[in-house]
Amino acid sequence: MDKYNENLTDVKEIFRKGDLRAIPKPLLKWYDNNRRILPWREQPTPYRVWVSEIMLQQTRVEAVKPYFQRFMDTLPDIAALAEAPEETLLKLWEGLGYYNRVRNLQKAAIQIMEDYGGRMPDSYEELLKLKGIGSYTAGAVSSIAYGKPNPAVDGNVLRVIARIRKDDRCISEDKVKKAVEKDLWEVIPKDRPGDFNQAMMEIGACVCIPNGAPHCEECPLRQICLAYEDRTQQQYPNKAKAKERTIEEKTILIIRDAELAVLHKRPAKGLLAGMYEFPSMKGFCTAEEVKEYLTENGLQVLRIQPLEDAKHIFSHREWHMKGYLIRVDELAPKKVGPDSADWIYIEPRETQDRYPIPSAFAAYAKGLSMQLGIPRTMF
DNA sequence: AAATCGGGGCT
DNA sequence: AGCCCAGATTT
C-alpha cells in the first residue's frame, strides 16, 4: 500500500493532472519525512538563510557545506560582514567560484547597516533592492526566514513544474520564470511557504533530478505529473544549450628565489576579479622564451624546470596550461620590467592562508612548496 | 536578449 | 565530453 495513496486519491478527485494546486499537500507530507538535515536549516535566522542562499546560487548543497559554518564563525553577523577586508571575504569564498557573490554580499551588508539600521529587511520588495539578491533569493529569504508567502523559483523548481505540466517553454527565458513565479503565487500555502519552497527544491535535487533518470517511483507527485503519465520525464525541461567554450593557452610561471615567490593580483573586474594568481605568459612558451621574458623583467634565471600540463574548464572558457618552476637569484629589489611592477613577493608558506588563489591554479600551487634542488652553497 | 561569471560531480 | 547546479548582474 502506497503511503501517499490516501492523499493522492483525494487530490485526484479534485484536480486534473498538471494542476499546481494539487502539489502542496503531498509535497509537504513527503518533505516532513524526507528533508535533509542541513546546517542553515537548523537556525534559519535571516542572516544565515541569506548567506546560505548566496552560497547556493548555481552551487550544489554538498559544495557549500564546508564553507558555510566557517563563514558564520568568522563573520557571525551583518555588522562583521560589512567591515571585513576584501582579502578575508575572498579567502572565505576561495574555491566556491563566482567571486562577485561575496563582494555583493558585503555591499548588501553595508546597505543594510546604512539604510535599515543593521536589520535585514523582511519584504520581497526591500530584499530585491539589495546587491546580489534577485527574485529567487528574495523569495527564499522572505519565505524561509520570515514566513512570507513568496515563491522561490530556481532551476529545480522550473524543472519540476515543466515535467508536471509537460511545459515545452524554454526555462532559460526570463518570461517563463516570471510566469512560473506568478503561477506558484496562487498555490503556495500561506501557513508553510518556506517549507513549500524548500520542498520543491528538495524534490528537484533528490527525486526529480536533472541528469539521468528521475526517481519517479518514489515521487509523491507522480500521480499529478503529466510527463510521468506517458513516461516523457526526460524530455523536460526544454532548455537552450550552452554556448561553445573558447580555448585559451597560457604558460604559468612559478618564480622563486631562495626565500620568496611571486604572485599577482588580478584586476578588479572580469574573470576571477581580485583573486591572486601566478605570473603567466600568453600561449605555450618554451623555456628559452620564458627565460627571455624574465630577463626583460630584470631577473637572473638560475634554473627552469618544466611542470606537468594542466587544464581548467570554466563555463564559457577553457584554460590549457603549461607550467615552469623557475629559480632566480634575487627577487625583491628588482622592479624594472614592464610586468614585474605589479608583482608581489610572498613567502611560499604564507600563501596558503593569506592569499586567495582560484582552483584554476591548483595544479601549480603545489610548486610553491617544492624544493628546487639547488644547494645553498652555490650562491 | 545575450553575455559574463567558477567549480565540481555525474552521466 | 556534455550537462547542470537553492542565479544575478552587466552589456
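We find that A:Arg36 and A:Glu202 are joined by a salt bridge, their nearest charged nitrogen and carboxylate oxygen being less than 4.0 Å apart. Looking at A:Arg354 and A:Glu87, no side-chain N of the basic residue comes within less than 4.0 Å of a carboxylate O on the acidic one, giving no salt bridge. Under 4.0 Å is where a charged nitrogen must lie from a carboxylate oxygen, and between A:Lys291 and A:Glu296 no such pair does. A:Lys91 has no carboxylate O lying under 4.0 Å from a charged side-chain N of A:Asp353, or vice versa, which leaves the two without a salt bridge.
Side chain of A:Asp122 to backbone of A:Tyr146: no donor-acceptor contact under 3.5 angstrom is found. In this structure, A:Ser52 contributes its side chain and A:Trp40 its backbone to no donor-acceptor pair below 3.5 Å.
The separation of C:dC5 from B:dC5, taken at their C1' atoms, amounts to 14 Å, rounded to a whole angstrom. Rounded to the nearest Å, the gap between the C1' atom of B:dG6 and that of C:dC3 is 15 Å. For the P atoms, the distance linking C:dA6 with B:dT11 amounts to 14 Å, nearest Å. Only the P atoms considered, B:dG8 is 24 Å distant from C:dT9, to the nearest whole Å.
The CD atom of A:Glu244 sits 18 Å away from the P atom of B:dA2 (whole-angstrom rounding). Rounding to whole angstrom units, CZ of residue A:Arg245 and C1' of B:dG8 are separated by 13 Å. Between A:Lys241 atom NZ and B:dA3 atom C1' the separation is 17 Å, expressed in whole Å. Across the protein-nucleic acid pair, A:Met55 atom CE and B:dG8 atom C1' stand 16 Å apart, rounded to whole Å.
For DNA chain C, the span of nucleotides reached by chain A at under 4.0 Å from its heavy atoms goes, 5' to 3', from C:dA1 to C:dT10.
The closest side-chain donor-acceptor pair between A:Glu126 and A:Tyr116 falls under 3.5 angstrom.
Within 4.0 Å of A:Lys107, counting heavy atoms only, lies no atom of the nucleic acid at all. Among the atoms of the strands shown, none is found under 4.0 Å from any heavy atom of A:Arg103. If you check every strand for non-hydrogen atoms under 4.0 Å, A:Glu202 touches a base. No engagement by A:Ile203 is indicated, since no non-hydrogen atom pair under 4.0 Å with the nucleic acid exists. Using a 4.0 Å heavy-atom criterion, one finds that A:Ser52 contacts no nucleic acid atom at all. Among the atoms of the strands shown, none is found under 4.0 Å from any heavy atom of A:Trp93.
A ring-ring contact (aromatic ring centres under 6.0 Å, His included) with A:Tyr355 holds for exactly one of A:Phe361, A:Tyr345, A:Tyr276, A:Phe278; it is A:Tyr276.
A:Arg101 forms no cation-pi arrangement with A:Tyr99, by the criterion of a distance under 6.0 Å to the ring centre and an angle within 45° of the ring axis.
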Just the atom pairs and distances: protein N or O near nucleotides 4-7 of chain B's N or O, under 3.5 Å.
| from | atom 1 | to | atom 2 | distance (Å) |
| --- | --- | --- | --- | --- |
| B:dT4 | OP2 | A:Lys243 | NZ | 3.3 |
| B:dC5 | OP1 | A:Leu271 | N | 3.1 |
| B:dC5 | OP2 | A:His316 | NE2 | 3.1 |
| B:dC5 | OP2 | A:Arg317 | NH2 | 3.0 |
| B:dG6 | OP1 | A:Tyr98 | N | 3.4 |
| B:dG6 | OP1 | A:Tyr99 | N | 3.2 |
| B:dG6 | OP2 | A:Leu272 | N | 2.2 |
| B:dG6 | O4' | A:Tyr98 | N | 2.9 |
| B:dG6 | N7 | A:Tyr98 | OH | 3.2 |
| B:dG6 | N7 | A:Ser315 | OG | 2.6 |
| B:dG6 | O6 | A:Tyr98 | OH | 3.0 |
| B:dG6 | N1 | A:Gln58 | O | 3.0 |
| B:dG6 | N2 | A:Gln58 | O | 3.2 |
| B:dG6 | N2 | A:Thr59 | OG1 | 3.0 |
| B:dG7 | OP1 | A:Tyr99 | OH | 2.8 |
| B:dG7 | OP1 | A:Ser359 | N | 3.1 |
| B:dG7 | OP2 | A:His312 | NE2 | 3.2 |

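At a threshold of 4.5 Å between non-hydrogen side-chain atoms, the residues A:Leu105 and A:Phe71 count as touching.
DNA chain C is contacted by both A:Gly132 and A:Ala205; A:Ala205 maps to the nucleotide lying nearer its 5′ end (nearest heavy atom per residue).
Atom OH of residue A:Tyr236 and atom CD1 of residue A:Ile164 lie 13.0 Å apart, to the nearest 0.5 angstrom.
Within residues 139-157 of chain A, the residues having any heavy atom closer than 4.0 Å to DNA chain C are, in order of number, A:Asp154, A:Gly155, A:Asn156.
Between A:Trp319 and A:Phe314, the two ring planes are perpendicular [angle over 60°; tilted spans 30° to 60°].
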